[in-house]
Amino acid sequence: MKPISRSLWPQTAGNYICSSCIRQIRRQHSNYTRPSSTPQIYDIVCVGGGPAGLSLLSALRASPTTAALKIALLDSQSLAPTRSFNLPPTQFSNRCSSLTPSSVRFLVEIGAWKHVDHSRVQAYEEMQVWDGVSGARIEFDWPAEQGEKRTIAYMNENLNLTSALLRRIEELGGVEVLDVQRVESIGLGEESEEVDLRGWPLVRTDKGREIAARLLVGADGQNSPVRDFAGIGSRGWDYDRVGVVATLELEGESWPKTAYQRFLPTGPVALLPLPGKYATLVWSTTPALAARLKGLSAKDFVGMTNSAFRLSTVDLAYLHQMPEGQKEELEWREQHSHFNVDKIPGRIVGVQEGSIASFPLKMRHADTYIGERVALVGDAAHTIHPLAGQGLNQGQGDIESLVKTIKYAVEHGQDIGATMSLEPYNAERYAANNLLLGVVDKLHKLYAVESGPLVGLRSIGLRAVNGLGPLKNFFMEQAAGTATKLL
Ligand SMILES: Cc1cc2nc3c(=O)[nH]c(=O)nc-3n(C[C@H](O)[C@H](O)[C@H](O)COP(=O)(O)OP(=O)(O)OC[C@H]3O[C@@H](n4cnc5c(N)ncnc54)[C@H](O)[C@@H]3O)c2cc1C
């Protein structure tokens, strides 16, 4: 039988504790064994050194109010590849994200943006989005009367961002980095002669470290162990879709820096600009079609990606069934297809070796972002379909809000781990993220319909938005993360 911490006994007026209470406590903490020695104690322990976790630590260290907090970072993976990220200008990582101007403003404020390699970042000012079935189109570009064009988003490799954040953390110092250490279990601390850690999360790693946290932050991605520890449920569904990603090379030295997205019945396919003649592909499709795409030769994979932006959905379905020869088939079919070359991406001529990969797509939302001495941020709190390129940006919004909340607690002498202190963070972020998750989920479902009245209705909607300046501007402000009032 595993020992149960004394501090976990329910507080009773007398000494009697009913046996069902004892069983319940044992069930809840069955993976927890009593610590062998006094744990190390931190104000904040962040589990997860992805974009969300590293942004949190940079922001906390950059602020004079929170710089004195004792902080540790835990990640199961090595941060060495992040630290040494240095690809030649002709090669790009296949994991890229569009950063909104709002996210970039935050990164500038915390001093991390200056460490990003700007020669690897591509801003874009226009988006072309169209319905693959009806051809209805919406063109997002800033109206001439607003003067100079504004950036909608910045395409950037995730590693370019995380390496910059890590450099910023190392520049500021003061964070104990424990990488290559997986969280094995999280239990509750107890009272000893030296210190009373009752109610504090106690993290045990696979390397035998024991760490107590005044506030434990789960920036540990979709399968968050911190969320499990806190007993916070996470609801949603798998889309039965995967996102196929690749780094592509386009014809010519350079091409218009526009983002293109075509909604196909199997899911949207997007081509997003990178510097020079490069672009990144995110093609959401069924696992079966993704497996076929990944099994093609480089030449035919290129043929399929060109087809995805050019051919009818019927032609495309036919090409998907072919074992090989997609490049030649496209060349033949193109002669009989009609498309406006000014509104589709330039011709793709190559795919970077080893860059084709796929990720399962899902929607999840935690029931709450906070618990006693626990806060969730980034994908640990919410996972969104990538069609609007908002997942990482939502995480940046979480971090900005959580750091503001922690600062307020420090300034007012509050306990930073208390649920009461964390409540403003949950209040500010939960509803906003929930709205975006809902809209993106509905968009995915709306465009998965291949025929029937919905196709006509959604095309009317798309054309109407395209024709209504203020409404279109509103959507652009949303996409750029600089939401302003509609009128
Ligand atoms: C195909 C695709 C395209 C996308 N495009 C965009 C886009 O254009 N724009 C955008 O904003 N977002 C985009 N996203 C979403 C974005 O990639 C994620 O939202 C973002 O990477 C999540 O960051 P995070 O730090 O919250 O989590 P993660 O990046 O998942 O980091 C979690 C960290 O926790 C660590 N960890 C996990 N478990 C443990 C454990 N037990 N012990 C210790 N450490 C642990 C992991 O090692 C990892 O480092 C896209 C996603 C996909 C799949």
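Indexing begins at 1, ligand by ligand and atom by atom, following the structure's order.
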Exercise for the section: Decide yes or no on side-chain hydrogen bond (donor to acceptor under 3.5 Å, both in side chains) for Gln91 and Tyr278, but give the supporting numbers first. Expected result: CA-CA 9 Å; Gln91 253 184 48; Tyr278 301 96; over 6 Å; no
Looking at [X], which atoms of ligand 1 are within less than 4.0 Å of one of its heavy atoms?
X: Gln77; value: 47 (O)
X: Gln181; value: 43 (C)
X: Pro225; value: 40 (C), 41 (N)
X: Ala219; value: 32 (C), 33 (C), 34 (O)
X: Arg95; value: 17 (O), 51 (C), 52 (C), 53 (C)
X: Gly48; value: 33 (C), 34 (O), 35 (C)
X: Gly378; value: 26 (O)
X: Pro386; value: 2 (C), 3 (C), 4 (C)

When you measure from the heavy atoms of [X] to every atom of ligand 1, does any distance fall below 4.0 Å?
X: Glu184; answer: no
X: Gly243; answer: no
X: Cys96; answer: yes

Tell me the protein heavy atom at minimum distance from [atom], and give that distance in Å.
atom: atom 39 (C) of ligand 1; value: Ser76 OG, 3.9 Å
atom: atom 6 (C) of ligand 1; value: Ser97 OG, 3.6 Å
atom: atom 23 (O) of ligand 1; value: Pro51 CD, 3.6 Å
atom: atom 31 (O) of ligand 1; value: Gly50 CA, 3.7 Å
atom: atom 37 (C) of ligand 1; value: Asp220 O, 3.4 Å
atom: atom 25 (O) of ligand 1; value: Ala52 N, 2.9 Å
atom: atom 26 (O) of ligand 1; value: Asp379 N, 2.9 Å

Can a side-chain donor-acceptor contact be found between [Y] and [X] if the only test is distance below 3.5 angstrom?
X: Gln40; Y: Arg209; answer: yes
X: Glu184; Y: Thr205; answer: no
X: Asn434; Y: His382; answer: no
X: Asn433; Y: Asp398; answer: yes

Below the 3.5 angstrom mark, is there an N/O of [X], backbone or side chain, next to an N/O of ligand 1?
X: Val183; answer: yes
X: Gly389; answer: yes
X: Gln222; answer: no
X: Ser98; answer: yes

Handout entry: Residues Asp300 and Arg292 bridged, charged N to O under 4.0 Å
Key =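 No, no charged N to carboxylate O under 4.0 Å.
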Closest candidate by heavy atom, reference [atom], pool [options]:
atom: atom 48 (C) of ligand 1; options: Val180, Asp75, Val245; value: Asp75
atom: atom 28 (P) of ligand 1; options: Gly395, Ser358, Ser224, Gly221; value: Gly221
atom: atom 10 (C) of ligand 1; options: Asn158, Ile399, Leu392; value: Leu392

Exercise for the section: Check the pair Ser97, Asn158 against side-chain hydrogen bond (donor to acceptor under 3.5 Å, both in side chains), reporting the backbone distance first and the verdict last. Expected result: CA-CA 6 Å; Ser97 291; Asn158 291 2; 2.8 Å; yes
Exercise for the section: Mind telling me whether Tyr260 and Trp130 have parallel, tilted or perpendicular rings, with 30° and 60° as the class edges? Expected result: perpendicular
Completion exercise
For residues 47-61, the side chain to side chain donor-acceptor pair (under 3.5 Å) pairs (sequence neighbours left out) are Ser55-Gln396
Problem - Aromatic ring proximity Tyr430/Tyr369, centre distance under 6.0 Å - result: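 Centroid separation for Tyr430 and Tyr369: below 6.0 Å.
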Practice task
Verify whether the ring centers belonging to His320 and Trp283 lie closer than 6.0 Å.
Solution key: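 His320 vs Trp283: aromatic centres under 6.0 Å.
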Handout entry: CZ (Phe359) with more than 12 external heavy atoms under 6.0 Å
Key = yes
Handout entry: Asp206: salt bridge (charged side-chain N to carboxylate O under 4.0 Å, His left out) partners, not counting sequence neighbours
Key = none
Exercise for the section: Examine distances only and state if a side-chain atom of Arg227 and a backbone atom of Gln222 form a donor-acceptor pair shorter than 3.5 Å. Expected result: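 Here the side-chain-to-backbone pair exists.
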Problem - Result of checking Lys407, Arg105, Arg429 against Glu400 for salt bridge (charged side-chain N to carboxylate O under 4.0 Å, His left out) - result: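 So, applying the salt bridge (charged side-chain N to carboxylate O under 4.0 Å, His left out) to Glu400 and each of Lys407, Arg105, Arg429, only Arg105 qualifies.
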